[in-house]
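See structure below.
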Amino acid sequence: AGAGEKKSKAEGELTMTTKELSADIQALGDLHHECMTKAEDFEAETKSRGEELSALAKAKEVLVANVGGAEELSYGLNQVSLLQVSTGSQITTKAALAQFEATRIVRDLARRVRSSALAQLAAQIGSASHSGGDQFAKVKGLIQDMIERLEQEAEADAKKKAYCDTELSESEAKEADKTSEIEKLTTQIDKMSARSATLKEEVAELQQALAALAKSQAEMDKIRAEEKEQYATNSADMEQGLKGVKLALKVLREYYAKEDKAHDDAEGAGAGIIALLEVVESDFTKGLAQMTSDEEAAQTEYEEQTKENEIEKATKSQDVKYKTKESTDLDKATAEAKSDRSGVQEELDAVQAYLKKLHEQCDEKAETFEERKARYESE
């Protein structure tokens, strides 16, 4: 039965350990998938921002390469183009054509990468053609400002990503550590609680056995006392009876042994009486001897059983003492482990709360249909 219980307990612990291992493997897989997803998102964002910067640089290059000295010329000269813009106004100079090309490049890129900032820049470049003053300087300034702003945003995004990656990695590692620590403490608490409960059951059984042993010993003491008292009474009667028979035999033997009797005695009858008394004497002697032997055997058996009971009592009492102490120590250790678990749980709650804030701050949020529609309409 003991081997079966140990096997069952071992199988239960194996099952629990297997479940914990599967949960840890699943958590590791989820963490790896999440990290890979974030890395891919950042790579895509970086690529898109690079394309944006490339387009802006190309637009600036087109302006620089084509405007030449057109800034000093009037837009009403004979450099006329038949190209029409969507608003119905004519492009009348080579410089205007270059400006239109720059606007188109920026607008196309804005649509491709879905950037409201680029769409706004394209509109500003287009508006610059209708404003007075140095239009090309304004356009170049707009593009340069956008490039600088995008570079600053890219640098800020890179710093933010580095910060988020570091904080998320460290916090998720802490979360895993605290979760693992709580699981270990819970396992320890369960084992100690189960062991303490088993010990208390064993102590209760031992105490019941000790009570039954004490009751049995008390009954033995009572019976032995009664038997001893009975022996004392009976042996005294037997000894008294034997003494009387011996005295009677002495009297009769002395009488019938006389030679100078004054009458004819009944010697034959006397001999019969003496023979009968001798039989009685023999029976009394044997009875007393058997009575004494039985008393001695009963006393020996009583003493041996009492000795065994004393040994059993001492053994069980020591078991009660040690098991009670072990149970008390386990209860104390369980209380301390529960206190430790509560502290670790508070730490885990704090880490998870911080993780939630990090995810709110760092995770990319999907754009809703309404937001996309509003952005497209504004572009």
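A single hydrophobic cluster is seen to contain both Tyr255 and Leu249, as judged by linkage of ILVMFWY side chains at heavy-atom distances under 4.5 Å, directly or through other members. Residues Leu206 and Tyr322 do not share a hydrophobic cluster, clusters being chains of Ile/Leu/Val/Met/Phe/Trp/Tyr side chains in contact below 4.5 Å. Hydrophobic clustering places Phe284 together with Ile273 (ILVMFWY residues linked when any side-chain heavy atoms are closer than 4.5 Å, directly or through intermediates). A single hydrophobic cluster is seen to contain both Met291 and Val280, as judged by linkage of ILVMFWY side chains at heavy-atom distances under 4.5 Å, directly or through other members. Both Tyr163 and Leu168 are assigned to one and the same hydrophobic cluster, defined by single-linkage of ILVMFWY side chains at heavy-atom distances under 4.5 Å.
The shortest side-chain heavy-atom distance between Gln188 and Thr334 does not fall under the 4.5 Å cut-off. In this structure the side chain of Lys184 never reaches within 4.5 angstrom of the side chain of Thr187, judged on heavy atoms.
Atom NZ in Lys338 sits 12.5 Å away from atom CG in Asp340 (nearest 0.5 Å). Taking CG of Asp221 as the reference point, atom OG1 of Thr306 lies at 6.0 Å (rounded to 0.5 Å). Note: Gln230 CD to Ile223 CD1 = 13.5 Å, rounded to the nearest 0.5 Å. Taken to the nearest 0.5 Å, the CG atom of Leu247 stands 11.5 Å off from the CG atom of Leu242. Arg253 CZ to Glu278 CD: the interatomic distance, rounded to the nearest 0.5 Å, is 4.5 Å. Note: Glu312 CD to Gln217 CD = 10.5 Å, rounded to the nearest 0.5 Å.
Atom CD of Glu226 has more than 12 heavy atoms from other residues, nucleotides or ligands within 6.0 Å.
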Please walk me through it: do Leu358 and Ser171 pass side chain to side chain contact (heavy atoms under 4.5 Å, CB included)?
CA-CA 9 Å; Leu358 279 176; Ser171 298; 3.8 Å; yes

Any chance you could lay out the side chain to side chain contact (heavy atoms under 4.5 Å, CB included) test for Asp237 and Gln240, step after step, and finish with the verdict?
CA-CA 5 Å; Asp237 291 342; Gln240 181 66 31; 5.6 Å; no

Run the salt bridge (Lys or Arg N to Asp or Glu O under 4.0 Å) test on Lys243 and Glu239 for me, step by step, so that the C-alpha distance in whole Å, both residues' side-chain angles and the decisive distance to 0.1 Å come before the verdict.
CA-CA 6 Å; Lys243 182 179 179 181; Glu239 289 174 352; over 6 Å; no

Under the side chain to side chain contact (heavy atoms under 4.5 Å, CB included) criterion, do Ser235 and Leu288 qualify, and how do the steps go?
CA-CA 6 Å; Ser235 63; Leu288 180 59; 3.9 Å; yes

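Nearest heavy-atom pair, Gln361 versus Lys160, reported as atom, atom and distance to 0.1 Å: O-NZ, 3.0 Å. Nearest approach of Ser327 to Leu199, heavy atoms of both residues: N-CD1, 3.8 Å. Taking every heavy atom of both residues into account, Ala337 and Ile189 meet most closely at CB-CG1, 3.5 Å. The two residues Glu281 and Val245 make their nearest non-hydrogen contact at CB-CG1, 3.6 Å.
Classification of Lys200 and Asp331 as a salt-bridged pair holds, one side-chain N sitting under 4.0 Å from a carboxylate O. Under 4.0 Å is where a charged nitrogen must lie from a carboxylate oxygen, and between Lys174 and Glu170 no such pair does. Residues Glu303 and Lys307 are not paired through a salt bridge, judged by the lack of any N-O separation under 4.0 Å between the basic side chain and the carboxylate. Taking 4.0 Å as the cut-off between side-chain N and carboxylate O, Lys161 and Asp165 count as a salt-bridged pair. Ionic pairing of Glu346 and Lys178 is not present here: no N-O contact between side-chain nitrogen and carboxylate oxygen is shorter than 4.0 angstrom. A salt bridge is absent between Arg341 and Glu181; no separation between the charged side-chain nitrogens and carboxylate oxygens falls under 4.0 Å.
Side chains of Glu227 and Tyr302: a donor-acceptor N/O pair is absent below 3.5 angstrom, by distance only.
Here the rule is side-chain hydrogen bond (donor to acceptor under 3.5 Å, both in side chains) with Arg224, and of Glu219, Glu229, Gln299 only Gln299 fits it.
Side-chain atoms of Ser216 never come within 3.5 Å of backbone atoms of Ala212 as a donor-acceptor pair (strictly under, hydrogens ignored). Proximity of a side-chain donor or acceptor of Thr198 to a complementary backbone N or O of Ala194 within less than 3.5 Å is detected.
Here Val344 sits in one hydrophobic cluster together with Ile182, Leu185, Leu348; the rule is ILVMFWY side chains under 4.5 Å apart, joined directly or through other members.
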